[in-house]
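Here the structure comes first, spelled out in structure tokens, and everything after it is commentary.
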Number of protein chains: 2
Amino acid sequence: MDRPRKPTLDTVAGAVGVSRATVSNAYNRPDQLSAALRERILETAASMGYAGPDPVARSLATRHSAAVGFMLGQGLSASFADAALSIVLDGLASTVDGHDHCLVLMPGRDRGGPRPETVTRAQADVVVAYSLPDDAPALTAVRARGLPMVVIDQPVLPNTARVEVDDFGGARLAASSLWGMGHRRFGVVTFALHPDGHNGPVTPERLASTSFRVTRDRLHGYLDVTGTDTPVWECARSSRELGRAGARSLLSSTPRPTALLCASDELAFGALQAVRDLGLRVPADVSIIGFDDVPAAEHADPPLTTVRQPLAEKGRHAGELALRLLDGGRPGEPTRLPVSLVSRDSTASPK
Amino acid sequence: MDRPRKPTLDTVAGAVGVSRATVSNAYNRPDQLSAALRERILETAASMGYAGPDPVARSLATRHSAAVGFMLGQGLSASFADAALSIVLDGLASTVDGHDHCLVLMPGRDRGGPRPETVTRAQADVVVAYSLPDDAPALTAVRARGLPMVVIDQPVLPNTARVEVDDFGGARLAASSLWGMGHRRFGVVTFALHPDGHNGPVTPERLASTSFRVTRDRLHGYLDVTGTDTPVWECARSSRELGRAGARSLLSSTPRPTALLCASDELAFGALQAVRDLGLRVPADVSIIGFDDVPAAEHADPPLTTVRQPLAEKGRHAGELALRLLDGGRPGEPTRLPVSLVSRDSTASPK
DNA sequence: TTGTATGCGTTATCAA
DNA sequence: TTGATAACGCATACAA
């Protein structure tokens, strides 16, 4: 009743009448043996139901698993609305897959990233950390294993490869454009300052101790031009729904802001909806500006003015960095990808 | 200049003055040695920078890699635009992570699923296939490796574990509800019938040879009620934008349909937008109905009437099934999760 | 062009 | 409670 044991290199070697090494070469170094022999080996291997060298055994022998780990701050469903993550991940996955590497997912459990045990047990040669809080335990676990790491966006770690964008500059760009149009009363809708699930107005104390660099930089970029007394609403996640609620709250204050600066497009989409909810119009009554330039921004109603960052490029570059680290490359200086303002129809001069 | 070799079980065993087996037990079978010794081992291990047993070596010895592979039909960016995938994936990831298993991503390259080589080299004990076309090469690769597999939704494979919903029944439910309200002129917006990237009206020939079971069932469920002469528009992917374009086309025919049946919520969101584009109103001028009941459906403008399927549950169940297969369980009969109609404000009787 | 020998870092069986 | 020892399935210098 016990099924036949799976064939191994040895099995097929025996069947063909050659040594194990030769069969191994047939798969990994075709130039090391005659085409005829190779053909014969592959054929009988197939007929025996041998699907090629076992990946795990190969990994042990070569001492690399041909996999890159991907750690993210939240669960997958929390990020379902966040197109930015999807695009980055897609860029990363393509790059990695193109070099015959797998992507091992390590989603965040609590809000602070993956469990340390998950990291400890994952078979990966290198890890890409996506937008983790400064003190994520998973980071310590990666260090403990001595795995090379590249971080996307945050946190800022000494001597660690990183790819990021100029969040401060981008935010400043957005705010300046609004200021230049004549806006003087602003509201800011931001995503999390801390991984504690808070939704609501931001107090100065909370602002002073953010544990997300990206949030910090974008916020400071905005406030740098609008003034530190600008009301800020914090959303626990970057979601349309939370953005809608935040914007609604901001817009119900008197005097009403004439422009809303949003830390992400997703939040801005919510803000767009909030303006509609209140019977107002964009940009006639309220200007809305986003950050990221996800594909939907162009098709929003009205098309969203936003700060463009090269998302796919970010993922691709992180992948290349990771692969280079595997090749013994040094972390080097962080790569800073360019941002730019994309002016569409959600902003205009105030009446 | 060569860095010191990483410590192994042997290294710490030597340092503590015990055998390799004992150190192994310290990590895997705490009850097999005295607490004191264990403590001492763990301590010196930490001081030597040993982060625990190497995952790859462990996998070779135990003969399972503690990872489940996840194959999907498209690239990540295309798929993640669809909240349904994210939610399913989240359910799967939680389940799997809760049992100390990793998730290895195998995104589709071409439209037919992951590359076979990707599957061949992936370290996973079991694979879950998400909504692949009937003839995906990746499926053959999984078979060749003799890996157990559970498929979500499609394709239907003999003797293979599967979790699905009653797509035909759900679609019928939706159409019947509209019919009951008095609608007689319908349009259908569907996602891909074939993995060939086609966008446009569906001919009877194309309809007759769909390679996606889910599409087939939902479509037939709709047409079963509305009649086979109902115009159908096919979108290459389930995206808001494509749905918008399709709906716009359908709505510009004369006489205009009074109701649009969409194969997914994402397509329905696009349809909602299309109605607005044309200066019409939902549901006064056109009724819209979706499928899935993603979270955004409830917050759409207006809130979307749709067919609810338990997405997270689908992912969780697939995860449990996969884990059970690993435990030597038999595939068993496919699990069919229930669907139900959620009536909200995007449907009403025609004027 | 092919074969031999050894190492990769564990787990697991069995004996002490 | 602890320690030898044999798998696990493969890659790779090196020798033939």
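Order of the sequence lines fixes the chain letters, A, B, ..., with proteins taken first and strands second; residue numbering starts at 1 for each chain.
Contact annotation: A/Tyr27 side-chain N/O to D/dG9 OP1/OP2 distance is not under 4.0 Å. Within the 4.0 Å cut-off from OP1 or OP2 of D/dA11, at least one side-chain nitrogen or oxygen of A/Arg58 is found. Using a 4.0 Å cut-off, no side-chain N or O of B/Arg20 falls inside it from OP1 or OP2 of D/dT5. Phosphate proximity of D/dT1 to B/Ser34: absent, as no side-chain N or O sits under 4.0 Å from OP1 or OP2.
The B/Asn28 side chain lies nearest to C/dT11 when the options are C/dT11, C/dA12, D/dG3. Listed candidates were C/dT10, C/dA12, D/dT12. Nearest to the side chain of A/Arg29 is D/dT12. When distances run from any side-chain atom of B/Ser19 to the nucleotides C/dC8, D/dG3, C/dG3, the shortest one goes to D/dG3. The side chain of B/Leu37 lies closest to D/dT2 when the candidates are C/dG7, C/dT10, D/dT2. Comparing atom distances between the A/Val18 side chain and each of C/dG3, C/dT2, D/dT2 picks out C/dG3 as nearest. Looking at the side chain of B/Thr8, the nearest of the listed nucleotides C/dG7, C/dG9, D/dT12 is C/dG9. Each of D/dA11, C/dT1, C/dT11 was ranked by its minimum atom distance to the side chain of A/Leu9; first place goes to D/dA11. In this structure, of D/dC10, C/dT2, C/dG9, it is C/dT2 that holds the atom nearest to the side chain of A/Gln32. The side chain of A/Asn25 lies closest to D/dT12, out of D/dA4, C/dT11, D/dT12. Relative to the side chain of B/Thr22, the nucleotides D/dT12, C/dC8, D/dG3 differ in distance, and D/dG3 lies closest.
When side chains are defined from C-beta on, B/Asp125 does not count as touching B/Leu147, because their heavy atoms never get closer than 4.5 Å. Taking the side chain as every heavy atom from C-beta outward, A/Leu92 and A/Arg316 never approach each other to under 4.5 Å.
Whole-Å rounding puts the A/Asp54 CG to D/dA11 C1' distance at 13 Å. Distance A/Arg63 CZ to D/dC10 P: 18 Å, rounded to the nearest Å. Summarising the geometry, the separation between CG on A/Asp10 and P on D/dC10 is reported as 8 Å, rounded to the nearest angstrom. One can place CD1 of B/Ile41 at 10 Å from C1' of D/dT2, the figure rounded to the nearest angstrom. Here D/dA7 presents its C1' atom at 9 Å from CG of B/Leu60, a figure rounded to the nearest Å. For the pair B/Lys6 NZ and C/dG9 P, the interatomic distance rounds to 10 Å; values are reported in whole Å.
Both B/Ala21 and B/Thr62 lie near DNA chain D, and the one whose nearest nucleotide falls closer to the 5' end is B/Ala21.
Counting all heavy atoms, side chain and backbone alike, B/Gly73 lies closest to B/Leu132 at N-CD1, 3.4 Å. Minimum heavy-atom separation, B/Ile87 to B/Ala312: CG2-N, 3.6 Å.
With hydrogens and angles left out, the side-chain atoms of B/Ser47 and B/Thr44 include no donor and acceptor closer than 3.5 Å. Looking only at atom types and distance, the side chain of B/Arg58 has no donor-acceptor partner in the side chain of B/Ser24 under 3.5 Å away.
Contacts of B/Leu33 with the nucleic acid, taken as non-hydrogen atoms under 4.0 Å apart, involve only primed sugar atoms and P, OP1 or OP2.
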